[in-house]
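Reading through the structure tokens given below for one structure.
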Amino acid sequence: MTSTAQVKPDGPDAPAGRTQHLRHVVFIATAAAMGGFLFGYDSSVINGAVEGIRGRFDIASGVLAQIIAAALIGAAIGAATAGRLADRIGRIRVMQIAAVLFALSAVGSMLPFTMWDLAFWRTLGGVAIGMASVIAPAYIAEVAPAEYRGRLASFQQAAIVLGIAVSQLVNWGVLNLADGEQRGSLLGVEAWQLMLGIEVVPALLYGLLTLRIPESPRHLVAQGRTDEARAVLADVEARGSDLDARIAEIRERMRGERRPSLRDLLGGRFGLLPIVWVGIGLSLFQQLVGINVIFYYSASLWQSVGIDPGSSFFYSFTTSIINIVGTVIAMLLVDRIGRRPLALTGSAGMALSLGAAAWAFSYKSGTGDDITLPDAQGTVALVAAHSFVLFFALSWGVVVWVMLGEMFPNRIRAAALGIAAGAQWVANWLITVTFPSLSDWNLSGAYVIYTVFAALSIPFVLKFVPETRGRALEEMG
């Protein structure tokens, strides 16, 4: 047992020791959450390149949508493989693989020869996104001491929304340097290419940070590396903790675990257990309201209604800031007022906002490069888009993940979460690939569809979704 584990909490060095200990734990969680930052950054940076890609390769909306959505296919693959890979080679190694994939995707996406190799590089980045979406929260939960676990776990969601905001700020800055032209020349490449390539910087930082953080004690114990696990626990647990007891507790939990299978989810009138269908419904509604249209296409969206490129990129950035504000609000309220009230508030707010946007876009006039919205409707559209993001972020953006982690019985939690998360990636892909064609058909009509899904989420929550606030995980049945 290391000497740091022997410092008494009431000793003369305790305050300084606790401060140093907390800083170390926060650093570990922050480093791991860089995967979440890149998750958000990579998912959203394509927003600034949509029109540049369309012009460079002269492609129709349907093909463009497939390129944009390619990352989602990779994300599903990465999410499906990350868990088992982490059990074999360790959490840190998976983070390092994700960092390498993020970097390769950034460089490859910046220097594509054809639209098809661009799609490949986007898919590769998607694999990294999927890995980061699984491994970062799992690692933080395994390393964080119990007294800080909830707050440190929130680092992942905060990092995702921060990554989205930073990507939009970078895109806006690059566009201004290129005099408002996505295909303007900068550093020997077009502006949109530089937008995608800059991601290599946070990717390399992520890789370097993983060299400074320890392996998960759980993985070390599973591999029989008990002394290493004890050393890690000595650094992250409260001073004076019984490290041998903690290791024994980890072993006991691992012995009692059984990997659930799809068979465990079967039952009820429609094949799966009712609670699994509820989880799938939450995931589907979270995506079918069209939130990722804002994060993937907002710059293109605003240009399609007559707003100049510089302003459209700025509005993409401001919606990202609103996303951060809403996420913070949700983190503050989710344990105070409950999951269902937040979800219902968000559903009502999203339905009203999307309905207002659909009304405003119905006044779109003109063709080609000569497209406009009347001033009043343009203002309504901008306010509605920002309020939609705010209501989503303070409700469904956070509440769905909280509830999916709480609502399932212990015996099926992992398998049910996998099914629900898979449904979410499928719905995300569906919205992403259909929006360009829907927009070409009728932009207002597309937003009517999203409005309908937001409205339908209200009776769904009222009738089927249980409140999980204040209930122990063992009570879920």
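Atom CG of L342 is separated from atom CG of L394 by 6.5 Å, given to the nearest 0.5 angstrom. Between the CZ atom of R122 and the CG atom of L196 there is a distance of 6.5 Å, given to the nearest 0.5 Å. To the nearest 0.5 Å, atom CD of residue Q66 and atom CH2 of residue W116 are 7.5 Å apart. Here the straight-line distance linking atom CD1 of I135 with atom CZ of R91 works out to 5.5 Å at 0.5 Å rounding.
Between the side chain of Q182 and the backbone N or O of W192 there is no donor-acceptor pair closer than 3.5 Å. Formation of a donor-acceptor pair under 3.5 Å by the S109 side chain with backbone atoms of L118 is not found in this model. Between the side chain of E181 and the backbone N or O of A178 there is no donor-acceptor pair closer than 3.5 Å. With hydrogens and angles ignored, the 3.5 Å screen pairs a side-chain donor or acceptor of T30 with a backbone N or O of V26.
Screening N47, I164, T319 against I294 for a side-chain contact (heavy atoms from CB on, under 4.5 Å) leaves a single residue, T319.
Within the 4.5 Å cutoff, no side-chain heavy atoms of I53 are placed close to those of M115. L64 has its side chain out of reach of F57: every pair of non-hydrogen atoms, C-beta onward, lies at least 4.5 Å apart. A heavy-atom distance below 4.5 Å is found between the side chains of V461 and R340. Taking the side chain as every heavy atom from C-beta outward, Y450 and L438 approach each other to under 4.5 Å. With a 4.5 Å cut-off on side-chain heavy atoms, Y447 and V293 count as touching.
Ring geometry for F464 versus F460: interplanar angle of 30 to 60°, hence tilted. Using a 30° and 60° split on the angle between ring planes, F392 and F388 fall in the tilted class, from 30° to 60°.
For the side-chain contact (heavy atoms from CB on, under 4.5 Å) test, residues two or more places apart in sequence or in another chain that qualify with L162 are F37, V166, I324. Contacts of R93 classified as salt bridge (Lys or Arg N to Asp or Glu O under 4.0 Å), with partners at least two apart in sequence or in another chain: none. For S105, the side chain to side chain donor-acceptor pair (under 3.5 Å) test picks out no residue, with sequence neighbours left out.
Shortest non-hydrogen contact noted between F317 and A165 is CD1-O, 3.5 Å.
Between the side chains of S457 and S347, a donor-acceptor pair is found at a separation under 3.5 Å. There is a side-chain donor-acceptor pair under 3.5 Å between D117 and T114. Using modelled atom types and a 3.5 Å distance limit, the side chains of W425 and S283 yield no donor-acceptor pair.
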